[in-house]
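Chain letters run A, B, ... following the sequence lines, proteins first, then strands; residues in each count from 1.
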Amino acid sequence: MEPGLQQGPQLHTEIISWFTANARDLPWRRPECSPWGVFVSEIMLQQTPVIRVLPVWQQWMERWPAPAALAAEPSGEAVRAWGRLGYPRRALRLHAAAAAMTERFNGSVPGTRDELLTLPGVGTYTAAAVASFAFGRRETVVDTNIRRVHARALSGKALPAPALNAAELRLAVALLPDDDAASVAWNASVMELGALVCTARSPKCALCPVQRRCAWVAAGEPAPEYVPKGQTWAGTDRQVRGALMAVLRQAREPVPRKLLVGPPELLAADGAAEDADPEPAALSKLHALRAPAGQLERALTGLLADKLAEESDAGLQLPA
DNA sequence: AATGCGTGGTA
DNA sequence: TTACCAAGCAT
């Protein structure tokens with residue numbers, strides 16, 4: 001038997017009861033929310049906090065209430081409506097997923113894990129989450145919150161392994177209730193516990209419904225076995241691309257390529273940046289990076305030229 | 001299997 | 001202020 005499972009059904013009862021009393025009232029959890037609404041929320045929530053997703057999700061649902069509505073517009077519109085959620089390639093994949101639903105799934109979100117996995121931007125977690133939360137299927141949902149709760153409560157560790165491993169997956173499978181409805185409740189409850197109480201930094205153990213049976217607490221809250229390495233940022237293509245995206249998002253018309261890539265001194269000299277409005281703050285930030293021309297070109301090509309310049313969409317188009 | 005990918009709040 | 005980190009995915 002997996003470690004921790006000898007605790008019996010009390011663990012499930014305690015956590016699900018806690019969820020019933022403490023869950024956030026998120027719009028994509030309401031019974032009237034469509035599978036499409038759940039799908040959009042899951043993509044937006046990848047590596048992005050709930051608080052920042054909420055307003056964007058509301059706007060998307062009003063503008064594009066079904067996959068076909070989104071698929072009917074240029075992908076550049078999806079990128080603009082994405083706003084500042086980050087990882088804008090998710091907007092492109094969500095648009096492509098909507099097109100795939102329109103073409104291959106009769107305009108609906110597919111309901112099985114295997115079908116969902118065929119959609120762009122959908123991996124193991126998202127496929128299981130949508131099948132579980134939107135369609136009530138019994139699927140093993142494993143996200144970073146759930147992994148952390150499992151690591152602490154059942155394995156006695158401060159943090160889960162750097163990457164999902166076979167032992168973690170076995171444990172998650174073993175913990176999933178047999179009943180469909182109970183499995184959905186379990187998935188949502190453990191995830192919420194990880195998001196609100198069993199957090200990565202400063203977990204709120206005093207509020208935890210299973211503190212008494214937590215293996216990590218029982219072990220004296222040992223420190224993590226490894227130090228997570230941070231995401232590098234300064235000087236990376238990501239930083240340059242982020243600055244480029246900020247300029248393009250706010251642009252009302254095509255942005256001259258040389259305004260993005262060219263040396264600021266030359267731009268000022270030939271007057272390119274002087275007409276119309278004062279230079280946008282976003283453009284100043286881009287220029288302040290002093291990124292090499294090669295890197296600017298790479299950032300443009302990697303995300304924009306291939307995916308967006310083909311659009312006839314004014315704000316994001318890059319003239320040849 | 002390890003990297004790269006945006007953004008902004010928090011400690 | 002700097003570093004961490006937030007419902008992952010694709011390569």
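The 5' end of DNA chain C is approached more closely, in terms of each residue's nearest nucleotide, by A:R201 than by the other of A:F133 and A:R201. Along DNA chain C, the nucleotide nearest A:T48 and the nucleotide nearest A:L119 are compared for position; the residue whose nucleotide lies closer to the 5' end is A:T48. Residues A:I51 and A:Y87 both approach DNA chain B. Their nearest nucleotides, taken by heavy-atom distance, put A:Y87 toward the 5′ side.
Looking at the side chain of A:R89, the nearest of the listed nucleotides B:dC5, C:dA7, B:dT7 is B:dC5. When the nucleotides C:dC9, C:dA7, C:dC5 are ranked by their closest atom to the side chain of A:M191, C:dA7 comes out on top. With distances taken from any side-chain atom of A:A200 to the nucleotides C:dA7, B:dG8, C:dC5, the minimum falls on C:dC5.
OP1 or OP2 of B:dG6 sits under 4.0 Å from a side-chain N or O of A:R241. Remark: A:Q47 is in phosphate contact with C:dG8, judged by side-chain N or O atoms under 4.0 Å from OP1 or OP2. The side chain of A:R52 places no N or O atom within less than 4.0 Å of a non-bridging phosphate oxygen (OP1 or OP2) of B:dG9. Between C:dA6 and A:R148, a contact under 4.0 Å exists linking OP1 or OP2 to a side-chain N or O.
Residue contacts shown for A:L85 include a base, since a base heavy atom lies under 4.0 Å away. Using a 4.0 Å heavy-atom criterion, one finds that A:A163 contacts no nucleic acid atom at all. Among the heavy atoms of the strands, none lies under 4.0 Å from A:S202.
For a distance-only test at 3.5 Å, the side chain of A:R238 qualifies as a donor-acceptor partner of the base of B:dG6.
Under the 4.5 Å side-chain heavy-atom criterion for grouping Ile, Leu, Val, Met, Phe, Trp and Tyr, A:L11 is not connected to A:V217 through any hydrophobic cluster.
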Run the side chain to side chain donor-acceptor pair (under 3.5 Å) check on A:T126 and A:Q46 step by step: do they pass?
-> CA-CA 9 Å; A:T126 303; A:Q46 293 169 1; 3.0 Å; yes
